[in-house]
Colleague: 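So that we are looking at the same thing, I have put the structure below in structure tokens.
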Amino acid sequence: MIREEDIQKAAEYIRGGRLVAFPTETVYGLGANALDSIAVARIFELKQRPSFDPLIVHIASVDEIYSLISSNDERILKLAEKFWPGPLTIVLPKSTRIPDIVTSGLPTVGIRIPHHPIALALIKQAQVPIAAPSANRFGKVSPTTAQHVRKHLPGVDFILDGGKTQVGIESTIIKLNDKGFDILRNGVITREEIEKVVPYAPETRDSKTIIASGMMLSHYSPDKPIFILSDKLKLEKEKAGLISYTGKHTEGYKKVIRVSQNGDLLEYAANLFAAIHQLEESDVEFIVAEPVAEVGIGMAIMDRLKKAAYRYQKEQQENN
Ligand code: AMP
Ligand code: MG
């Protein structure tokens, strides 16, 4: 249970330029005062995050956004009304109040209002916007419990333990353009839902510019090899841990983790990273995850799985 004193202490830490890990509805964040570039630099240092990967700024109410951005686009309010607080990050032209280190020098900043009482209480008490990436070492699987944070980032100044996070995968990130929105990272808020508010208008991108970690080929990568289950995959089941969605064909594996009891994709998303963490710590040699159709929330799940498996599947293809 989180006590009022814990929130107060965490808020003082944030104001004092220190780092606090806190739960959001998506994953645990590693937070610092977004207006303090030295504090933000400590996030990059602790996570070993490359400076080209910008951070998301978390606020507690929509009116706080206007001093942080240089836009009064009325679509922001429409999106905020529908999706905030919630797992949607909107990338917007930044104001000069946001230090360049937060945005990795980009002229835009990603902002969201998280839907978690502890996160909201912390931001309100700290009275500053909080820049926070996921509270894991760069490139690794995001934490969905305080224990995961402790394991990955023992150097963090303070952790607010709010139990297991609900959504389990990172926020959907969109960028507004003249015609509508583009998706920079898939999440549980789907393109179809957002399209009801603003038209979908993908931008052509130079494939070499990475402007969101969601765009990297390899990310969310566990310490043990992970593969996406397929007919082509030749594997020694007795050494593998299976992340099972349907509960079918589970026989022969060393361990099986059912991520959903009744075929619910939201449940798969919520339990995916915890299942990976659990198998990383177990005695299996590698991890196999059951794929789902790439539609709706399935897009976000497959995005995480493909990036997690990328380097291992590539090695396997090269060896064959
Ligand atoms: P993390 O919280 O570690 O999942 O990372 C936050 C994600 O938000 C990263 O993929 C960032 O690249 C992305 N992001 C933050 N700000 C921006 C921005 N201004 N433009 C594009 N992506 C952003
Ligand atoms: Mg991350």
Side-chain angles (χ1 to χ4, degrees), residues 19-32 34 40 43-59 65 68-71 76 87-114 116 119 129-144 148-149 152-153 156 165 167-177 181-189 202-203 205-206 208-222 269 272-273 276-277 300 303-304 307-308:
L19 305 184
V20 174
F22 62 97
T24 75
E25 79 280 34
T26 60
V27 301
Y28 274 72
L30 178 65
V40 172
I43 294 182
F44 284 89
E45 185 184 48
L46 188 64
K47 274 198 65 142
Q48 296 166 21
R49 184 176 175 110
S51 59
F52 60 75
D53 194 8
L55 308 180
I56 293 172
V57 173
H58 297 74
I59 56 175
I65 205 173
L68 307 176
I69 60 173
S70 61
S71 155
I76 300 167
L88 179 74
T89 298
I90 310 178
V91 171
L92 296 158
K94 83 174 191 77
S95 78
T96 51
R97 265 190 105 205
I98 299 276
D100 286 332
I101 187 170
V102 172
T103 67
S104 300
L106 292 171
T108 53
V109 58
I111 300 185
R112 81 177 188 103
I113 302 182
H116 194 293
I130 296 184
S134 51
N136 52 278
R137 273 179 295 122
F138 179 73
K140 299 290 174 188
V141 179
S142 297
T144 57
H148 298 158
V149 180
H152 275 282
L153 298 177
V156 63
T165 62
V167 173
I169 59 172
E170 303 83 353
S171 60
T172 307
I173 303 180
I174 63 168
K175 188 170 173 213
L176 290 175
N177 57 40
F181 74 94
D182 188 14
I183 296 187
L184 305 186
R185 176 171 76 188
N186 289 295
V188 299
I189 293 181
E203 287 167 29
R205 275 188 287 265
D206 173 353
K208 288 192 206 81
T209 16
I210 292 169
I211 54 165
S213 55
M215 293 175 177
M216 294 175 202
L217 287 170
S218 175
H219 204 65
Y220 318 111
S221 182
L272 172 63
F273 288 160
I276 295 177
H277 282 291
D303 166 67
R304 305 307 187 274
K307 289 181 182 123

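Indexing begins at 1, ligand by ligand and atom by atom, following the structure's order. Heavy-atom basis, side chains included; hydrogens, waters and symmetry copies ignored.
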Colleague: Considering the heavy atoms of Thr108, write down every atom of ligand 1 situated less than 4.0 Å from one of them.
Modeller: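 What qualifies from ligand 1 is 18 (C), 19 (N), 20 (N).
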Colleague: Run the numbers for me: atoms of ligand 1, each under 4.0 Å from some heavy atom of Ser134, listed by number.
Modeller: 1 (P), 2 (O), 3 (O)
Colleague: For Ser70 and Ser95, indicate whether the former's side chain and the latter's backbone hold a donor-acceptor pair under 3.5 Å.
Modeller: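 Pair absent, no side-chain N/O of Ser70 close to backbone of Ser95.
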Colleague: Can you name the atoms of ligand 1, numbered from 1 with element, that are less than 4.0 Å from a heavy atom of Leu184?
Modeller: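 Taking each heavy atom of Leu184 in turn, ligand 1 has 21 (C), 22 (N) under 4.0 Å.
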Colleague: Counting from 1, what ligand 1 atoms have a heavy atom of Arg185 closer than 4.0 Å?
Modeller: 1 (P), 4 (O), 5 (O), 7 (C)
Colleague: Going by the order shown, which atoms of ligand 1 are within less than 4.0 Å of some heavy atom of Val109?
Modeller: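 This gives 19 (N) as the contact atoms.
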Colleague: Before you tell me yes or no, could you show the steps for Phe273 and Thr165 under side-chain contact (heavy atoms from CB on, under 4.5 Å), namely the whole-Å CA-CA distance, both residues' side-chain angles and the distance that decides it to 0.1 Å?
Modeller: CA-CA 10 Å; Phe273 288 160; Thr165 62; over 6 Å; no
Colleague: Ligand 1 versus Arg49, non-hydrogen atoms closer than 4.0 Å: side chain, backbone, both, neither?
Modeller: side chain
Colleague: Under 4.0 Å from a heavy atom of Leu55: which atoms of ligand 1 are those, numbered in the order shown and with their elements?
Modeller: 15 (C), 16 (N)
Colleague: Where does Lys94 meet ligand 1, judged by heavy-atom distances below 4.0 Å: at the side chain, the backbone, both, or neither?
Modeller: neither
Colleague: Please identify which atoms of ligand 1 are closer than 4.0 Å to at least one heavy atom of Asp53.
Modeller: 9 (C), 10 (O), 11 (C), 12 (O)
Colleague: Under the side chain to side chain donor-acceptor pair (under 3.5 Å) test, which residues partner Asn136, sequence neighbours left out?
Modeller: Ser134
Colleague: What are the atoms of ligand 1, with element, lying closer than 4.0 Å to any heavy atom of Leu106?
Modeller: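 In order of number, 18 (C), 19 (N), 20 (N).
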Colleague: Decide whether Ser171 and Thr26 meet the rule of one side-chain donor and one side-chain acceptor closer than 3.5 Å.
Modeller: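 Thr26 and Ser171 do not have a side-chain donor-acceptor pair below 3.5 Å.
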Colleague: For the residue pair His277 and His152, categorise the inter-ring angle as parallel (less than 30°), tilted (30 to 60°) or perpendicular (more than 60°).
Modeller: perpendicular
Colleague: Would you please name every residue forming a salt bridge (charged side-chain N to carboxylate O under 4.0 Å, His left out) with Lys94, sequence neighbours left out?
Modeller: Asp100
Colleague: So is Thr103 touching ligand 1 or not, going by heavy atoms under 4.0 Å?
Modeller: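 Flag not set, Thr103 not near ligand 1.
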Colleague: Do any of the N/O/S atoms of Ser134, backbone or side chain, fall under 2.8 Å from the Mg ion (ligand 2)?
Modeller: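 Of the N, O and S atoms in Ser134, at least one lies under 2.8 Å from the Mg ion (ligand 2), which means yes.
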Colleague: Can you see whether Thr24 engages Arg112 through a side-chain donor-acceptor pair at a distance of less than 3.5 angstrom?
Modeller: yes
Colleague: Any side-chain heavy-atom pair from Ile59 and Ile113 closer than 4.5 angstrom?
Modeller: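 Ile59 reaches Ile113 side chain to side chain.
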Colleague: Is Thr89 touching ligand 1 with its side chain, its backbone, both, or neither, if touching means heavy atoms under 4.0 Å apart?
Modeller: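 It is neither part, as no heavy atom is under 4.0 Å.
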Colleague: How does Ile173 reach ligand 1, by side chain, by backbone, by both or by neither, if only non-hydrogen atoms under 4.0 Å count?
Modeller: side chain
Colleague: Of Val91, Ile98, Ile76, which is the lone residue that meets side chain to side chain contact (heavy atoms under 4.5 Å, CB included) with Ile69?
Modeller: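 For Ile69, the side chain to side chain contact (heavy atoms under 4.5 Å, CB included) check succeeds only for Ile76.
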